Amino acid sequence: MIATEKGLNSSSRVKLESLAEHLKLPQELFEEGLALLQTSNDNLSHYETAFVKFLDKELSKTSGGLISLGTEKEAIELAARKYQINSTRAEQLIELSTRANKITRLSPKEAETFAEQLIVD
């Protein structure tokens with residue numbers, strides 16, 4: 001459920017609250033579970049830590065302070081192949097790493113707009 005919403009956000013929280021209500025989960029237990037989900041980025045697995053170290057090393061070589069969609073796609077594929085990390089979690093780790101390294105991520109829409117502007121120019 002959280003993966004389909006691309007993380008813990010208002011939409012996934014509403015769905016989780018509905019599920020907790022359906023299961024008659026006590027509110028304290030629900031809040032405790034949410035707290036654990038929100039802190040999960042701080043407790044990385046061995047593979048996640050190795051992937052983040054790899055990302056940090058590679059991002060330090062980035063010129064221009066920008067990561068392209070192609071580079072991000074390659075990193076996600078590498079995460080699955082070498083580090084056994086699913087694509088949603090890889091995207092989250094890439095987001096954390098790019099923020100920490102002050103690297104900008106290009107969204108698909110931004111890439112499209114940029115390409116259109118290049119053609120116009």
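Any value given below was found using the heavy atoms of this structure, including those in side chains, with hydrogens, waters and symmetry copies removed. Given the structure is predicted, the values throughout are model-derived calculations rather than measurements.
Atom-to-atom distance recorded for R89:CZ and S45:OG is 7.5 Å, nearest 0.5 angstrom. With values rounded to the nearest 0.5 angstrom, L96 atom CG is found 10.0 Å from D56 atom CG. The CD1 atom of I76 sits 6.5 Å away from the OG atom of S87 when rounded to the nearest 0.5 Å. Remark: I119 CD1 to E116 CD distance equals 7.0 Å, nearest 0.5 Å.
Between the side chain of T98 and the backbone N or O of I94 there is at least one donor-acceptor pair closer than 3.5 Å. A donor-acceptor contact shorter than 3.5 Å links the side chain of T62 to the backbone of L59.
Within 6.0 Å of CD in E77 there are more than 12 heavy atoms belonging to other residues, nucleotides or ligands.
Connection of L16 to L29 is established within a shared hydrophobic cluster, with ILVMFWY side chains joined at heavy-atom distances below 4.5 Å, either directly or through further cluster members.
The minimum heavy-atom distance linking R105 with E91 is given by the pair NH1-O, 4.1 Å. In terms of heavy-atom proximity, I85 sits nearest to Y47 at CD1-O, 3.8 Å.
K61 meets the salt bridge (charged side-chain N to carboxylate O under 4.0 Å, His left out) test with E58; sequence neighbours excluded.
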